[in-house]
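To keep things clear, I will list the structure first and then write my remarks on it.
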Amino acid sequence: MIADETKDSGLYQAALAGEEAAFTVLYRRWQGGIYRFALRLSKSPSIAEDVTQEAFLALLDADSRFDPARGSLASYLYGIARNHVLRRMSKERLFSPIEEEVGDSDMGMALEMSLTPDPLRDLTHRERLASLYRAIDALPLRYREVVLLCELEELGYAETAQALGCPEGTIRSRLHRARALLLKKLCRQAGEGDRVSGIEPARCLP
Amino acid sequence: MNCETFEVSLTDLAREAPVDPVLRAQLLEHCGSCRRCRARLEAEKALSAAFRLAAADRVAVPAHIETALLGAYRGRRSASLREVRRFPLRYAGIAAAILMALAGAAVLTWFYAHSPSGPGVADSSSAEIRPTISPAPGYAPVPAPPAAKTDPRPAARYSDASKSNREPRTAPPRTVSAEGLATDFIPLANSSELSYLESGQLVRVLLPRNAMASYGIPVNQELADRPVTAQVLIGQDGVARAIRFLGDPETRFVSAKRQK
C-alpha cells in the first residue's frame with residue numbers, strides 16, 4: 001500500500017522502497033507539467049519526451065537523490081527538466097528544426113476542432129492561445145522559463161527560484177519584465193488585425 | 001502611493017497573489033485616481049486571464065513514456081534487490097578466501113619447519129609458487145646456522161630484486177655450506193626488463209659446479225667434477241627469472257638420511 005497518498009516526499013520514499021504504485025502516482029501527478037514545460041521550452045516534442053523520461057529517471061538515480069529539506073519535488077523535477085532541455089538545445093543548435101512537427105500539430109488541431117461541438121468558439125480560444133504562445137516563444141530564455149513556470153505551471157516564486165537556481169527577487173523582477181514584454185507583443189499582434197491564422201480577410205458580397 | 005510604487009506591486013495585484021490588505025487598498029485607491037495605472041492593471045488582468053486559459057490547456061503526454069519509465073523502474077528495483085541478496089554471499093566468499101589463505105600459510109610453515117633439508121627441497125616438483133626473491137644485500141658470505149630451515153628475512157618484491165641484479169655480483173646471498181644449504185634466489189640477467197612475476201614454477205636441474213662461479217659463488221676445486229643441484233624459477237611467461245643453488249646432490253642425500 002502507498003504510505004502517503006498526498007505528499008510527494010512520502011510517495012518518493014515509497015517509490016524508493018520499491019512500491020511501483022507510488023512511483024506511478026508520482027509520475028502521473030507531474031508528467032503533464034514536466035512534459036509541457038519541456039515542450040514549451042524546447043519547442044520539440046522529441047526533446048520533451050526524452051527530457052520527461054530523464055527527469056523521472058534522475059529521481060531514482062542514487063547520485064542525484066531528491067532531498068525534501070532542500071525544496072519541493074516539483075521544483076526538483078522542473079529544475080532537472082530545464083537543465084536537460086538546455087543541454088539538448090545546446091547540442092542540437094547546429095541542426096535545423098523539423099518542419100513536419102509543426103505541420104503535424106496543426107493537422108491534429110484541425111482534426112480535434114472538427115470534432116468539438118462549437119468549432120467557432122474553439123477556434124477563437126485556440127487562436128488566443130496560439131498568439132499567447134507565439135509571444136511567449138519570442139521571449140528571451142531567462143524570461144520564457146519564468147513565465148512558463150510561474151504562469152503556465154502555476155509554481156510559486158519560491159519553487160520557481162529553486163527550480164531555476166536563482167534568488168526569489170530575481171524571479172519576481174524577471175516575471176514583471178516578462179509580462180511587460182508580453183503585453184507589448186500581444187498589443188502589436190492585436191494591431192495587425194483580428195485575422196485568424198490561415199484565413200485571409202475577404203470582402204463580404206451582398 | 002505614486003505610479004512608481006504602484007508598478008512594483010502591479011504584477012502581484014494582477015495575478016491575484018496574496019497582497020497585504022492595507023497595501024491592496026492603497027493600490028486600488030491609486031487606480032481610482034490614475035487613469036494610466038488603471039489601464040495598465042486592466043491589461044495585466046487580461047494577461048493573467050489568458051495565462052489561466054493556457055494553464056488549463058493540457059497537453060497529452062505520449063503513453064510510451066510511462067511504459068518505458070515503469071520498465072526502467074522495475075529493472076532498477078530488481079537490480080538493487082540482486083545487489084542486496086549478493087551482499088552477504090560476497091563477504092562470505094571473501095572470508096572463506098582469507099581462511100583458506102591462512103590455512104595454506106599454516107601448512108606451508110609447518111612443512112618448511114619439518115623439512116629435513118631446508119627450504120626448496122620438498123617443492124622440487126613443478127608446483128605453482130609465489131616468488132620470494134631476495135635482493136641479496138651486501139653479498140657477504142653468511143654462515144648458515146645448521147638448524148636454520150627457513151629464511152627469516154621478509155620476501156622482497158621482484159622489482160627490488162631486479163635492481164640488485166644490476167649491481168656486480170661479487171658474492172652470492174649465502175654460500176653453500178657443507179651441509180648443502182641453499183643460497184637465496186639470484187635474479188638472472190635481463191629479468192629486470194620482464195613483466196612483473198605473478199606466478200611461477202620451480203624446476204630442479206643439475207648443473208656443472210663451475211656454473212656457480214659465474215654467479216660469484218666460490219667453488220670447491222676438489223669437487224669441481226661433481227654437478228650441483230639448482231632450482232630455476234620459471235615465470236608465468238615461461239622465461240627463467242632466478243636461480244638458487246641447493247648444493248651437492250649426494251651430500252644433500254646423505255644429510256637428509258643422517259637427519260632421519
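Below, chain A is the first sequence line, B the second, and so on; all start at residue 1.
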Looking only at atom types and distance, does a side-chain atom of B/Tyr73 sit under 3.5 Å from a main-chain N or O of A/Thr24, one as donor and one as acceptor?
->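 No; judged by distance alone, with no hydrogens or angles, the pair does not exist.
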
Using 0.5 Å steps for rounding, measure from the [atom1] atom of [X] to the [atom2] atom of [Y].
X: B/Ile65; Y: A/Tyr35; atom1: CD1; atom2: OH; value: 6.0 Å
X: A/Arg128; Y: B/Asp57; atom1: CZ; atom2: CG; value: 12.5 Å
X: A/Arg179; Y: B/Leu47; atom1: CZ; atom2: CG; value: 4.5 Å

In terms of heavy-atom pairs under 4.5 Å, which option from A/Arg172, A/Glu49, A/Gln31 contacts chain B the most?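 Top count of heavy-atom pairs under 4.5 Å with chain B: A/Glu49.
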
Least distance between heavy atoms, [X] atom then [Y] atom:
X: A/Leu183; Y: B/Glu44; value: CD1-OE2, 3.5 Å
X: A/His176; Y: B/Glu7; value: CE1-O, 2.9 Å
X: A/Tyr157; Y: B/Arg15; value: OH-NH1, 3.2 Å
X: B/Leu69; Y: A/Tyr27; value: CD1-CE1, 3.3 Å

Contacts of A/Arg36 meeting salt bridge (charged side-chain N to carboxylate O under 4.0 Å, His left out) (sequence neighbours excluded), chain-then-number -> A/Glu153

Look at B/Arg52 together with A/Glu154 and state whether they make a salt bridge at an N to O cut-off of under 4.0 Å.
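Salt bridge: no.
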
Portion of [X] that has a non-hydrogen atom of chain B nearer than 4.5 angstrom:
X: A/Ile136; result: side chain
X: A/Ala48; result: neither
X: A/Leu129; result: side chain
X: A/Leu152; result: both

Okay, B/Ala60 and chain A: the region with an atom under 4.5 Å from a heavy atom over there is backbone

Looking only at B/Pro62, B/Ala68, B/Ala43, the option with the highest number of non-hydrogen pairs under 4.5 Å against chain A is B/Pro62

